Amino acid sequence: MRLAPVAILLLLPTLRVVAQPTPPDTALVREAVDGVAVPAWSGMMRVDRTALRRLYARVGYRPVWTVAGRPTRQARQVIDVLAGAETRGQQPAAYDAAALQARADALAGGRSVPASTVASFDVTLSTTLMRLLAALHAGRVDPRTLGFRLPDAHAHVDLAALVLDVSRAPDVAVAIAAVEPPFPGYVALTRALARYRTLAADAALRPPRPAARTLRPGDAYADAAALRRLLAALGDLPAGDRRVGGRLVGDVAAGQAAPDAADTVYDSTLVAAVASFQRRHGLVPDSVVGPATMAQLRVPLTNRVEQIALTLERWRWLPDVPPDRYLVVNIPAFELRYFDSGPAGACPTFATRVIVGQAEGRHDTPVFVGTMRQVVFRPYWDVPLSIARKELLPKIRRDRSYLAREALEIVRGGDDDAVVHAPTAANLDRVAAGTLRLRQRPGPRNALGLV
């Protein structure tokens with residue numbers, strides 16, 4: 001029996017040919033490192049081509065952020081962090097996150113891309129991440145250019161190693177956060193920044209209108225509802241006190257309704273909340289809403305966001321690791337705080353008011369980091385020559401009794417401090433010349449205080 005031939009058809013799946021990006025060779029990566037724009041950096045950590053070369057030399061000049069020409073998961077996460085840089089008080093535009101995102105999308109799209117483009121993307125992302133890490137670790141500005149006497153405590157940080165660690169990290173956001181200051185105050189401020197950014201974005205939350213006169217407890221105030229909403233949003237008005245006439249005040253941030261128009265009295269709940277607000281802003285907590293308090297209440301929340309961002313920058317200027325015991329002087333708050341539990345200590349064990357100078361001008365307070373080796377109780381105040389010449393000598397020449405009233409005396413200095421010179425015209429001239437000097441005796445009128 002002869003069988004008829006049978007046609008056999010092989011059904012094969014349709015094959016889609018995709019042009020893969022070509023991985024760059026080491027020569028192209030070297031070329032990208034030599035050609036990438038490295039912006040001038042004025043902070044305490046230098047981002048330069050040397051750091052880039054050190055990074056890529058450690059991996060044999062192979063790509064760090066791409067595999068087979070495609071962006072790695074870590075590359076995507078880094079771009080996400082760059083795009084959200086404002087959450088750390090940074091500006092996303094400074095890191096060109098949108099352009100990096102577009103370049104990453106182009107590489108991931110499967111289109112044919114030159115190997116030189118892949119190399120350029122890889123090196124550009126490394127450069128941008130270095131800039132972010134430097135900014136988060138040590139700040140964007142060198143405080144020494146502002147006259148602050150702060151040590152260069154960040155020179156030992158290896159940016160190349162940090163970038164390499166991030167490129168291999170299972171969680172990029174956690175790895176980047178690890179380079180930020182460990183101080184509890186910094187961590188608290190990052191949380192405050194997120195909160196104030198949310199508040200600033202709420203169009204319904206507005207500052208209270210100026211009162212016709214100074215507000216005192218029980219006064220009528222037409223914009224009490226706005227004041228109540230603001231203090232509630234800021235946390236100065238406790239949740240249990242957000243009631244007017246038995247009704248719960250709406251939380252504007254959550255989009256709830258505002259209280260009715262009957263809320264027009266500066267009542268006891270507002271009085272307590274204003275005192276809390278005043279304490280937080282370095283004002284006398286007397287619950288009286290005068291010009292100074294009203295001015296602070298009317299500061300736009302966008303300004304507060306900027307203040308927090310600038311304060312985060314100042315934290316980054318401090319040494320990487322605080323000592324086990326340290327003092328912090330908050331100049332705007334006129335307060336000194338003592339910490340003795342190391343970096344993990346979130347709360348000071350001692351706090352006291354202190355005297356500080358002006359924010360600007362001839363009597364500004366020096367900003368510095370130093371080591372305290374002794375504490376002087378009931379000190380003498382050795383009057384600086386400039387203060388003696390410009391402020392005190394004119395008063396003494398007009399009225400010699402000014403010396404006795406202010407507990408001032410004329411001495412030579414050095415080993416002759418025990419000899420007090422008479423306030424003759426000749427001796428006053430010697431003070432002006434610097435061969436004698438003024439000092440103030442210890443006591444309640446001493447300019448340095450009791451300690």
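What you see is a predicted model; the values in this text were computed from it and never measured. Just the heavy atoms: all of them, side chains too, but no hydrogens, waters or symmetry mates, feed the values below.
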Undergrad: Do Phe183 and Leu318 have side-chain heavy atoms sitting under 4.5 Å apart?
TA: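 Yes, their side chains come closer than 4.5 Å.
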Undergrad: Which atoms form the tightest heavy-atom contact between Ala233 and Leu205, and what is the distance?
TA: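 Distance-wise, the nearest heavy atoms are CB-CD2, 3.7 Å.
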Undergrad: Donor-acceptor pair, Asp165 side chain versus Arg168 backbone, under 3.5 Å?
TA: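 Absent.
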Undergrad: Assign the ring pair His137 / His154 to parallel, tilted or perpendicular, where the plane angle (0 to 90°) is split at 30° and 60°.
TA: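 His137 vs His154 ring planes: perpendicular.
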Undergrad: To the nearest 0.5 Å, what is the distance between CZ (Arg378) and CG (Leu448)?
TA: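 Spacing of CZ (Arg378) from CG (Leu448) equals 12.5 Å.
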Undergrad: Evaluate the side-chain proximity of Val354 to Glu335: yes if any heavy-atom separation is below 4.5 Å, no if none is.
TA: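 No, every pair of side-chain atoms sits at 4.5 Å or beyond.
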Undergrad: Pairing donors with acceptors under 3.5 angstrom, does anything connect the side chains of Thr293 and Gln278?
TA: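 Present: a donor and an acceptor within the cut-off.
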Undergrad: Is it true that Arg140 and Glu313 make a salt bridge, defined as a side-chain N closer than 4.0 Å to a carboxylate O?
TA: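 No, no charged N to carboxylate O under 4.0 Å.
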Undergrad: Please round to the nearest 0.5 Å and tell me the distance separating atom CG of Leu125 and atom CD1 of Ile79.
TA: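 It is 5.5 Å, given to the nearest 0.5 Å.
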Undergrad: Is the shortest heavy-atom distance from the side chain of Leu297 to the side chain of Pro207 under 4.5 Å?
TA: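 SC-SC contact between Leu297 and Pro207 ruled out.
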Undergrad: Less than 4.5 Å apart, side chain to side chain, heavy atoms only: is that true for Arg437 and Asp382?
TA: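 Side-chain contact under 4.5 Å: yes.
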Undergrad: Return the CG to CG distance between Leu199 and Leu234, rounded to the nearest 0.5 Å.
TA: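 Rounded to the nearest 0.5 Å, the CG-CG separation comes to 6.5 Å.
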Undergrad: Step by step, work out the side-chain contact (heavy atoms from CB on, under 4.5 Å) result for Thr190 and Leu312.
TA: CA-CA 8 Å; Thr190 57; Leu312 287 172; 3.9 Å; yes
Undergrad: Between Asp236 and Arg280, is any pair of side-chain heavy atoms under 4.5 Å apart?
TA: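 SC-SC contact between Asp236 and Arg280 confirmed.
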Undergrad: Any chance the side chains of Tyr380 and Gln440 put a donor and an acceptor closer than 3.5 Å?
TA: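 No, no side-chain donor-acceptor contact under 3.5 Å.
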Undergrad: Would a line drawn from the ring center of Trp317 to the ring center of Phe148 be shorter than 6.0 Å?
TA: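 Trp317 vs Phe148: aromatic centres under 6.0 Å.
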Undergrad: How many angstroms lie between CZ in Arg206 and CG in Leu227, if you round to the nearest 0.5 Å?
TA: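 That separation rounds to 10.0 Å.
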Undergrad: Suppose we screen for salt bridge (Lys or Arg N to Asp or Glu O under 4.0 Å). Which residues come up paired with Arg103, at least two apart in sequence or across chains?
TA: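 None.
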Undergrad: Would Arg73 and Asp171 pass as an ion pair if we require N to O under 4.0 Å?
TA: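 No, no charged N to carboxylate O under 4.0 Å.
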Undergrad: Before giving the answer on side-chain hydrogen bond (donor to acceptor under 3.5 Å, both in side chains), spell out for Arg228 and Thr269 the whole-Å C-alpha distance, their side-chain angles and the decisive distance to 0.1 Å.
TA: CA-CA 9 Å; Arg228 194 180 302 273; Thr269 58; 2.7 Å; yes
Undergrad: Could you tell me whether a side-chain N or O of Asp223 sits under 3.5 Å from a main-chain N or O of Pro210, the two making a donor and an acceptor?
TA: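 Judged by distance alone, no pair lies under 3.5 Å.
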Undergrad: Please name the pair of heavy atoms, one in Leu107 and one in Pro71, separated by the smallest distance, quoted to 0.1 Å.
TA: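 Minimum heavy-atom separation between Leu107 and Pro71: CB-CD, 3.8 Å.
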Undergrad: Begin from the C-alpha positions of Tyr266 and Ser287 and carry the test side-chain hydrogen bond (donor to acceptor under 3.5 Å, both in side chains) through to its verdict.
TA: CA-CA 10 Å; Tyr266 184 46; Ser287 299; 4.9 Å; no
Undergrad: Counting only N and O atoms by type, is there a donor-acceptor contact under 3.5 Å from the side chain of Gln91 to the main-chain atoms of Ala85?
TA: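 No.
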Undergrad: Answer whether the closest heavy-atom distance between the side chains of Thr127 and Met130 falls below 4.5 Å.
TA: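 When only atoms from C-beta onward are counted, Met130 and Thr127 do not touch, as no gap falls below 4.5 Å.
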Undergrad: Distance from Leu301 atom CG to Asp202 atom CG, nearest 0.5 Å?
TA: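 That separation rounds to 9.0 Å.
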Undergrad: How far apart are the closest heavy atoms of Ala32 and Ala119, and which atoms are they?
TA: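 Heavy-atom minimum between the residues: CB-O, 3.8 Å.
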Undergrad: Within 45° of the six-membered ring axis of Phe334 and under 6.0 Å from that ring's centre, is NZ or CZ of Arg353 located there?
TA: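 Here Arg353 fails the 6.0 Å and 45° test against Phe334.
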Undergrad: Evaluate the criterion side-chain contact (heavy atoms from CB on, under 4.5 Å) for residue pair Ser120 and Val36; output intermediate values, then yes/no.
TA: CA-CA 7 Å; Ser120 174; Val36 71; over 6 Å; no
Undergrad: Got a sec: does the CD of Glu31 have more than 12 other heavy atoms crowding it under 6.0 Å?
TA: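 It does not: Glu31 CD has 12 such atoms or fewer within range.
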Undergrad: Which residues pass the ring pair (Phe, Tyr, Trp, His ring centres under 6.0 Å) test with Phe277, sequence neighbours left out?
TA: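 Partners of Phe277 by the ring pair (Phe, Tyr, Trp, His ring centres under 6.0 Å) criterion, ordered by chain and then number, come out as His281.
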Undergrad: May I ask you to check whether Phe339 and Tyr326 place their ring centers less than 6.0 Å from one another?
TA: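 Under 6.0 Å, so yes.
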Undergrad: Quick one: does Pro92's side chain get under 4.5 Å of Leu82's, heavy atoms only?
TA: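 Answer no - side chains too far apart.
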Undergrad: Are any of the side-chain nitrogens in Arg30 or Asp25 under 4.0 Å away from the carboxylate oxygens of its partner?
TA: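 Judged by the 4.0 Å cut-off on N to carboxylate O distance, Arg30 and Asp25 do not form a salt bridge.
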Undergrad: Is there a donor in the side chain of Arg197 and an acceptor in the side chain of Thr87, or the other way round, less than 3.5 Å apart?
TA: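 The answer is no; no qualifying pair exists.
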Undergrad: Does atom CZ of Arg88 have more than 12 heavy-atom neighbours, drawn from other residues, nucleotides or ligands, at distances under 6.0 Å?
TA: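 Above 12, so yes.
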Undergrad: side-chain contact (heavy atoms from CB on, under 4.5 Å), that's the test. Do Leu336 and Val328 meet it? Break it down for me.
TA: CA-CA 6 Å; Leu336 176 148; Val328 176; over 6 Å; no
Undergrad: For Gln307, does the CD atom sit with more than 12 other heavy atoms under 6.0 Å from it, leaving out its own atoms?
TA: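 Atom CD in Gln307 is crowded, with more than 12 foreign heavy atoms closer than 6.0 Å.
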Undergrad: Does the ring of Tyr196 carry Arg304 above it, NZ/CZ under 6.0 angstrom from centre and within 45° of its axis?
TA: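 No, a cation-pi geometry is absent between Arg304 and Tyr196.
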Undergrad: Identify the two heavy atoms, one from Val383 and one from Ala388, that lie closest to each other, and give their separation to 0.1 Å.
TA: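 Looking at all heavy atoms of both residues, the closest pair is CG1-N, 3.8 Å.
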Undergrad: Can you tell whether the side chains of Asp34 and Arg53 come within less than 4.0 Å, N to carboxylate O?
TA: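 Salt bridge: yes.
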Undergrad: Are any of the side-chain heavy atoms of Pro442 and Trp381 separated by less than 4.5 Å?
TA: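 In short, these two side chains do not touch, never coming nearer than 4.5 Å.
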Undergrad: Check the pair Val166 / Trp65 against side-chain contact (heavy atoms from CB on, under 4.5 Å), numbers first and verdict last.
TA: CA-CA 10 Å; Val166 173; Trp65 303 105; 4.1 Å; yes
Undergrad: Going by distance alone, is a donor N or O of one side chain under 3.5 Å from an acceptor N or O of the other, for Arg316 and Tyr186?
TA: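 Present: a donor and an acceptor within the cut-off.
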Undergrad: Any Lys/Arg nitrogen of Asp105 or Arg76 sitting under 4.0 Å from an Asp/Glu carboxylate oxygen of the other?
TA: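 Here Asp105 pairs with Arg76 in a salt bridge, since their nearest N and O are under 4.0 Å apart.
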Undergrad: Out of curiosity, Leu230 CG to Leu270 CG, how far, rounded to the nearest 0.5 Å?
TA: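 Leu230 atom CG to Leu270 atom CG measures 10.5 Å (nearest 0.5 Å).
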